[in-house]
Amino acid sequence: AKSAGGNRYEFADPEADARVITRHGLTTALPTALERGEFFIEYQPLVHLGDGSVRGAEALVRWLHPQHGVLGPDRFIPLAEHTGLIVPLGRWVLEQSVRQAREWRERNGGDAAGPLRINVNLSPCQLTHPGLVQDTVEILERAGVTPDALCLEVTESALIGADDDLLKPLRRLAEMGVDIALDDFGTGYSNLANLRRLPVSVLKLDRSFTRGMQQFPADPVDLKIVEGIVSLAHSLDLAVTVEGVETGAQAEQLRILGCDTAQGWYYARPGPPERLHELALVDATG
Ligand code: C2E
Ligand code: CA
Ligand code: CA
Ligand code: CA
């Protein structure tokens, strides 16, 4: 909290904000927020570490609450999961994002690095919802976007101990050409050998691993761990994306370690879709 005009305090950070908004207030407003059009999506670029080109973006949902302003997903996704709104909300995010990818593709068609791709987060509740595969197919068809432009991100914890019923829809999507990424990798306790069983093609290495690389030289233990994960991932034909890259030193060390793609404030904060297009265009023209 920072001081604003002497005796009043203005909450400048989301955590302080969280304390003043009651859980109850958000729970009652949430079910109708989708109908009222209060959600919007920011996009954060995914950058190829080898050549620095923008390859796509992750869609990150926000809620423009009429009283409380912009709320981040950590504030309302758990509530949406609890109330079941996550299924229609997740479908909405997917539809918007896929349409956005279509627009980027049209405007950026000649880019040598290839068309921009879109990453969308899937909550565990969406995984168990029977309409997932059908909805995804329809959304892609309606937008005229091929499945290979889409990557669905599922957290490692959602798939720990997953049985075949849970994996079936993901397998079908993967067979169609949709990429599946294992999000927040390294925060759960999954058996590395288990990776072979999962229909994933991308590992998203959690921010906690890249934190030790903000300075140069990096923590040697962190380097060893990331090096090991990257070599294991590559031996299983998985691409490695790193999250939370905040400095040039991190980016360089992660590139040397063989990571494929990076995401983080060093490149860009999440922002409106036009911003991504600008970044990608700058890139394509050198
Ligand atoms: P995530 O999937 O791990 O997304 C990455 C988070 O890291 C985002 O937070 C992003 O803004 C933040 N981030 C990106 N670069 C940096 C960096 O360099 N440094 C730091 N410190 N942070 C960085 P955000 O947008 O608050 O999203 C939080 C989480 O909410 C996401 O974590 C994801 O699990 C969830 N989420 C977001 N959108 C959706 C959605 O549409 N559906 C579902 N089910 N979950 C969503
Ligand atoms: Ca994610
Ligand atoms: Ca993540
Ligand atoms: Ca994370």
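Order of listing sets the numbers, starting from 1, for every ligand and every atom in it. Being a predicted model, the structure only gives us computed values, none of them experimental.
Salt-bridge check for Glu252 with Arg255: passed, with a basic side-chain N closer than 4.0 Å to an acidic carboxylate O. We find that Arg171 and Asp164 are joined by a salt bridge, their nearest charged nitrogen and carboxylate oxygen being less than 4.0 Å apart. Ionic pairing of Glu246 and Arg207 is not present here: no N-O contact between side-chain nitrogen and carboxylate oxygen is shorter than 4.0 angstrom.
Only backbone heavy atoms of Val245 (N, CA, C or O) come within less than 4.0 Å of ligand 1; its side chain stays farther off. When non-hydrogen atoms are compared, ligand 1 lies under 4.0 Å from the side chain of Arg207 (C-beta onward) but not from its backbone.
When only interatomic distances are considered, the shortest N/O to N/O separation between Val61 and ligand 1 falls below 3.5 Å. Inclusion of Arg62 in the set of residues having an N or O under 3.5 Å from an N or O of ligand 1 is warranted. In terms of polar-atom proximity, Glu58 is counted as a contact of ligand 1, with an N or O under 3.5 Å from an N or O of the ligand. Residue-to-ligand polar distances place Glu246 within reach of ligand 1: an N/O pair is separated by less than 3.5 Å.
With the Ca ion (ligand 3) as vertex, Asp184 OD1 and Glu243 OE2 subtend 140°, rounded to 10°. Here the angle centred on the Ca ion (ligand 2), running from OD1 of Asn121 over to OD2 of Asp183, is 90°, rounded to 10°. Rounded to 10°, the angle formed at the Ca ion (ligand 2) by Glu58 OE2 and Glu153 OE1 is 80°.
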Step-by-step side-chain contact (heavy atoms from CB on, under 4.5 Å) determination, Leu26 to His65: CA-CA 9 Å; Leu26 290 188; His65 189 283; 3.7 Å; yes
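For ligand 1 and Glu243, the ligand atoms under 4.0 Å from any heavy atom of the residue are 3 (O). Heavy-atom proximity to Pro73, at under 4.0 Å, picks out these atoms of ligand 1: 24 (P), 25 (O), 26 (O), 27 (O), 28 (C), 30 (O), 36 (N), 37 (C). Listed by atom number, the atoms of ligand 1 under 4.0 Å from Gln44 heavy atoms are 14 (C), 15 (N).
Leu140 and Thr146 get closest at one heavy-atom pair: CD2-O, 4.2 Å. Annotation for Gly144 and Arg102: closest pair O-NH1, 3.0 Å, computed over non-hydrogen atoms. Across all non-hydrogen atoms, the minimal contact from Ala158 to Val154 is CB-CG1, 4.0 Å.
Relative to atom 3 (O) of ligand 1, the option among Ile86, Asp184, Leu71 with the closest non-hydrogen atom is Asp184. Nearest-residue assignment for atom 8 (C) of ligand 1 (options Leu60, Val93, Thr210; heavy-atom criterion): Leu60. Here the shortest heavy-atom distance to atom 46 (C) of ligand 1, taken over Asp74, Asn121, Val120, belongs to Asn121. Distances from atom 44 (N) of ligand 1 to the heavy atoms of Ser123, Pro270, Ala59 put Ser123 nearest.
Note: Tyr43 and Trp104 have perpendicular aromatic rings, judged against thresholds of 30 and 60 degrees for the angle between ring planes.
When Ile229, Val242, Leu232 are each tested for a side-chain contact (heavy atoms from CB on, under 4.5 Å) with Leu203, only one passes: Ile229.
Residue-ligand proximity: Arg269 is placed with every non-hydrogen atom at 4.0 Å or more from ligand 1. Heavy atoms of Gly244 approach ligand 1 to within less than 4.0 angstrom.
The backbone N or O of Ala249 lies less than 3.5 Å from a partner atom in the side chain of Gln253, making a donor-acceptor pair.
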